[in-house]
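What follows is a short report on a single structure.
Every heavy atom of this structure was used, including side-chain atoms; hydrogens, water molecules and symmetry mates were not.
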Amino acid sequence: MRSVSPSQWSALRSLDVACGFLDCRLKCCRFRTIEDRTQWAREHSLRTRVAESADLAGLPPTMRAARQVDAIHAARASLVMVNTALRESGHSAIPSEHVENHLVTLEQLAARHQAA
C-alpha cells in the first residue's frame, strides 16, 4: 500500500489496528512523526521504493520474483485486515485490485523461474 487519499489517511490514523502498519522502519523516518508524514509523502514513497529495489538487487535473480510474491502476500493480508477494520468503523475500504493484479503477475514470473 503506497498511496492513499487524505480522507483515507485520516481514517487509518483513527484505527488502532492500522497504526502499526503506518509506522516506517526506514532510517529517514526515525525522527519523524506520523503527523508530518503527509507533508513529505512523495519523498517517503521514493525512499521506500529505492530501499525495496536495493534489497531485491542484493538477491540472486532467481530469488527476486519469489521474494516479491512473499511481500505481496504479506501486504495483501495486512490490507484485508485494515480494510475489515475500515468497513467496520464505517469508512470506505482501500482499493485492493492492484495488489491482486501484482500478485498474479509475480506468481506467474516466479513459476517461470522455477521451471527454467
Side-chain angles (χ1 to χ4, degrees):
M1 179 171 58
R2 298 203 195 286
S3 299
V4 294
S5 70
S7 61
Q8 288 173 324
W9 181 255
S10 295
L12 288 169
R13 288 187 52 218
S14 72
L15 300 172
D16 290 337
V17 72
C19 286
F21 296 111
L22 301 177
D23 289 333
C24 179
R25 289 157 185 81
L26 292 177
K27 291 179 184 179
C28 62
C29 294
R30 185 177 300 152
F31 301 109
R32 296 192 189 218
T33 65
I34 201 165
E35 286 79 19
D36 63 23
R37 187 142 323 139
T38 56
Q39 296 172 4
W40 56 284
R42 285 190 183 105
E43 176 188 347
H44 184 266
S45 179
L46 177 61
R47 287 179 185 265
T48 300
R49 291 176 189 203
V50 168
E52 289 172 356
S53 295
D55 289 343
L56 283 176
L59 294 174
T62 56
M63 293 178 63
R64 292 176 187 164
R67 173 68 61 90
Q68 284 300 94
V69 167
D70 293 343
I72 297 286
H73 275 291
R76 181 175 64 179
S78 299
L79 187 56
V80 166
M81 187 182 337
V82 169
N83 276 343
T84 300
L86 284 168
R87 284 187 199 102
E88 288 175 354
S89 66
H91 299 288
S92 60
I94 296 169
S96 60
E97 295 81 16
H98 66 286
V99 175
E100 297 302 327
N101 291 340
H102 285 288
L103 191 54
V104 168
T105 302
L106 285 170
E107 285 175 337
Q108 290 172 352
L109 287 172
R112 284 186 203 154
H113 274 70
Q114 289 175 351

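Residues Gln8 and Pro95 have side chains in contact (heavy-atom distance under 4.5 Å, counting atoms from C-beta outward). For the pair His73 and Glu107, the minimum side-chain heavy-atom distance is below 4.5 Å.
Met63 contributes atom CE, which lies 9.5 Å from atom CG of Asp70 (distance to the nearest 0.5 angstrom). In this structure, CD on Gln68 lies 6.5 Å from CD on Glu52, to the nearest 0.5 angstrom. Annotation: the span from Arg87 atom CZ to Ser89 atom OG amounts to 10.5 Å, rounded to 0.5 Å. Interatomic distance, His98 NE2 to Leu79 CG, rounded to the nearest 0.5 Å: 7.0 Å. The distance from atom CG of Leu103 to atom OG of Ser96, rounded to the nearest 0.5 Å, is 11.5 Å.
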Item to check | Full working for side chain to side chain contact (heavy atoms under 4.5 Å, CB included) between Thr84 and Val17 | outcome: CA-CA 10 Å; Thr84 300; Val17 72; over 6 Å; no
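Between the side chain of Arg64 and the backbone N or O of Leu59, at least one donor-acceptor pair lies under 3.5 Å.
Val104 and Val99 are assigned to two separate hydrophobic clusters, defined by single-linkage of ILVMFWY side chains at heavy-atom distances under 4.5 Å. No single ILVMFWY cluster, assembled from side-chain heavy atoms under 4.5 Å apart, contains both Val80 and Leu86. No path of Ile, Leu, Val, Met, Phe, Trp and Tyr side chains, each step under 4.5 Å between heavy atoms, connects Val50 with Leu56, placing them in separate hydrophobic clusters.
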